[in-house]
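Encoded as structure tokens, the structure appears first; notes follow it.
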Amino acid sequence: MNTGIQLYNTLSRKKELFQPLNASNVGMYVCGPTVYSDVHLGNCRTFISFDLIFRYLKYAGYKVRYVRNITDAGHLEGDRDEGDDKFAKRAKLEQLEPMEIVQKYTLGFHDVLRMFNTLPPSIEPTATGHIIEQIEMIKVIIANGYGYEVDGNVYFDVEKYSKEYNYTILTNRNLEDMLNNTRELGGQDEKRGRLDFALWIKAKPETLMQWQSPWGMGFPGWHIECSAMSAKYLGAEFDIHGGGMDLAATHHTNEIAQSEACSHKQPARYWMHTNMLTVNGTRMSKSAGNGFLPLELFTGDHPLLKKGFSPMTVKFFMLQAHYRSTLDFSNEALDASEKGFRRLMAAIGLLDKLTVSEQNDFDIDALKEKCIHAMNDDFNSPILIAELFEAVRIINTVYDGKGKISAEALEKLKQLVNDFVFDILGLKDEDAGGNDLNGVLDMVINLRTEAKANKDYATSDRIRIGLQELGIQLKDGKEGTTWSKA
């Protein structure tokens with residue numbers, strides 16, 4: 001088992017040696033999507049990043065329980081217990097039942113992640129499926145003195161909690177500054193403190209999604225679901241809690257408070273956060289008009305895109321930046337990633353065509369150690385990809401007859417590629433398995449071979465140039481003609 005993984009812990013604001021609570025088992029909770037609309041790229045980046053972490057922890061020898069929730073209730077527009085319910089608003093807009101909205105966008109979310117070739121989590125619980133657990137947790141919080149009920153609403157008492165625990169431990173913000181920057185309570189506001197947040201919200205008569213509780217008909221606050229579901233499936237204490245950095249200040253801060261108020265234990269040992277997306281240097285957002293959905297990126301159907309980019313190209317592009325770094329989308333950057341991805345896949349396609357030798361010029365074991373070192377350093381995918389292009393160099397050198405590789409070294413190289421490109425990065429050759437394409441190209445290559453044999457060099461060149469324009473590179477060798485993607 002690999003016990004040398006270092007990861008950046010938002011809680012301590014530094015890299016730490018990863019030491020799970022149970023030596024060979026890892027519990028990881030990641031905040032999932034709110035399924036009232038199409039999943040956006042920021043979400044996708046978070047889930048691709050934690051898919052990478054999930055895959056590598058399994059490769060390192062751990063048994064991982066990966067829990068990622070679906071938020072399908074209890075989410076108000078303002079995220080501070082104000083505004084309309086997002087699901088009800090979308091349901092009215094599309095003239096559907098709220099659970100039809102949930103089903104529609106949950107299926108869409110899964111479809112997009114399948115395109116990105118991510119693994120499903122071990123457990124994918126929903127907020128509506130765990131109303132009982134959320135109510136029971138709220139009851140304990142009230143019993144412990146950290147919650148209070150006013151006219152069917154239940155609030156978390158941040159001031160009471162802050163006297164015994166560090167409410168801002170995750171972000172290191174100054175509590176006084178937070179209070180000063182929070183609006184004054186109006187005369188009709190029933191909260192005791194300006195930072196108090198809802199655990200349970202009283203339903204209006206017209207509320208579409210509501211449940212019975214000890215405090216009357218209502219629905220859960222946004223934050224309580226993650227505390228309840230992480231505790232149910234991973235325990236009061238577990239190893240990793242992840243999500244986008246935009247969740248740290250409010251959602252994750254309140255999760256920690258709820259969990260500690262209930263169990264008197266810090267829920268997760270390591271808090272991990274992915275960074276934001278930008279477009280041409282400007283933060284991606286709907287209001288800025290520069291946000292695009294994954295399908296728009298795949299098809300190119302957006303005014304900021306000059307063409308579409310395949311799911312694996314986009315995933316490769318995302319993995320070329322560290323998950324804690326800002327990721328800037330531009331046509332030029334995506335073009336470069338497309339070329340790099342094609343170059344990687346083209347080289348991998350040559351692996352089975354390499355000729356082995358008694359002599360060996362390459363240290364594959366050393367390359368593997370560099371790949372492991374990159375991933376052990378806070379899951380550093382850009383460094384890993386740089387190391388994998390050393391594998392590309394080795395493959396092309398041997399294929400061009402400028403270097404020799406032994407049968408043993410070649411098997412190690414194939415295993416390295418399978419482990420790190422496919423199993424850990426989760427990439428795949430989007431043209432792999434194209435038997436029709438293989439057959440067509442074999443036929444075209446045979447026609448070109450016949451043309452050359454008949455000294456019809458004009459036809460031979462026309463075939464070669466035509467294929468090159470389509471992105472297919474031909475290479476003539478002693479064993480005949482082979483092809484690869486340019």
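Please read all numbers here as calculations on a predicted model, not as lab measurements. Start at 1 with the first residue, then count along the sequence.
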* Among D377, N9, D378, side chain to side chain donor-acceptor pair (under 3.5 Å) partner for K15 -> D377

Just by modelled atom types, is the [Y] backbone N or O under 3.5 Å from a matching donor or acceptor in the [X] side chain?
{"X": "N280", "Y": "S330", "result": "no"}
{"X": "E94", "Y": "I101", "result": "no"}
{"X": "Y62", "Y": "N2", "result": "yes"}
{"X": "T118", "Y": "L113", "result": "yes"}
{"X": "D476", "Y": "T481", "result": "no"}
{"X": "R269", "Y": "F18", "result": "no"}
{"X": "S259", "Y": "I256", "result": "no"}

Strictly under 6.0 Å, is that where the ring centroids of [X] and [Y] end up?
{"X": "Y8", "Y": "H322", "value": "no"}
{"X": "F54", "Y": "F379", "value": "no"}
{"X": "F47", "Y": "F109", "value": "yes"}
{"X": "F329", "Y": "F317", "value": "yes"}

* Asked: Is D400 salt-bridged to K475, cutoff N-O under 4.0 Å?
  -> yes

* **Salt-bridge contact D335-K339 (side-chain N to carboxylate O under 4.0 Å)** => no

Counting only heavy atoms not in [X], do more than 12 sit closer than 6.0 Å to its [atom1] atom?
{"X": "K306", "atom1": "NZ", "value": "yes"}
{"X": "K368", "atom1": "NZ", "value": "no"}
{"X": "N174", "atom1": "CG", "value": "yes"}

* Asked: Shortest non-hydrogen contact from M99 to D72?
  -> CE-OD2, 4.1 Å

Plane angle bin for [Y] and [X] - parallel if under 30°, tilted between 30 and 60°, otherwise perpendicular:
{"X": "F50", "Y": "Y323", "result": "tilted"}
{"X": "F238", "Y": "H241", "result": "tilted"}
{"X": "H273", "Y": "H252", "result": "tilted"}

What I want to check is whether the side chains of [X] and [Y] have a donor and an acceptor closer together than 3.5 Å.
{"X": "T278", "Y": "D328", "value": "yes"}
{"X": "E255", "Y": "H251", "value": "yes"}
{"X": "Y56", "Y": "N376", "value": "yes"}
{"X": "N43", "Y": "H40", "value": "yes"}
{"X": "N69", "Y": "T71", "value": "yes"}

* Asked: Roughly how far apart are I395 CD1 and K414 NZ, rounded to 0.5 Å?
  -> 10.0 Å

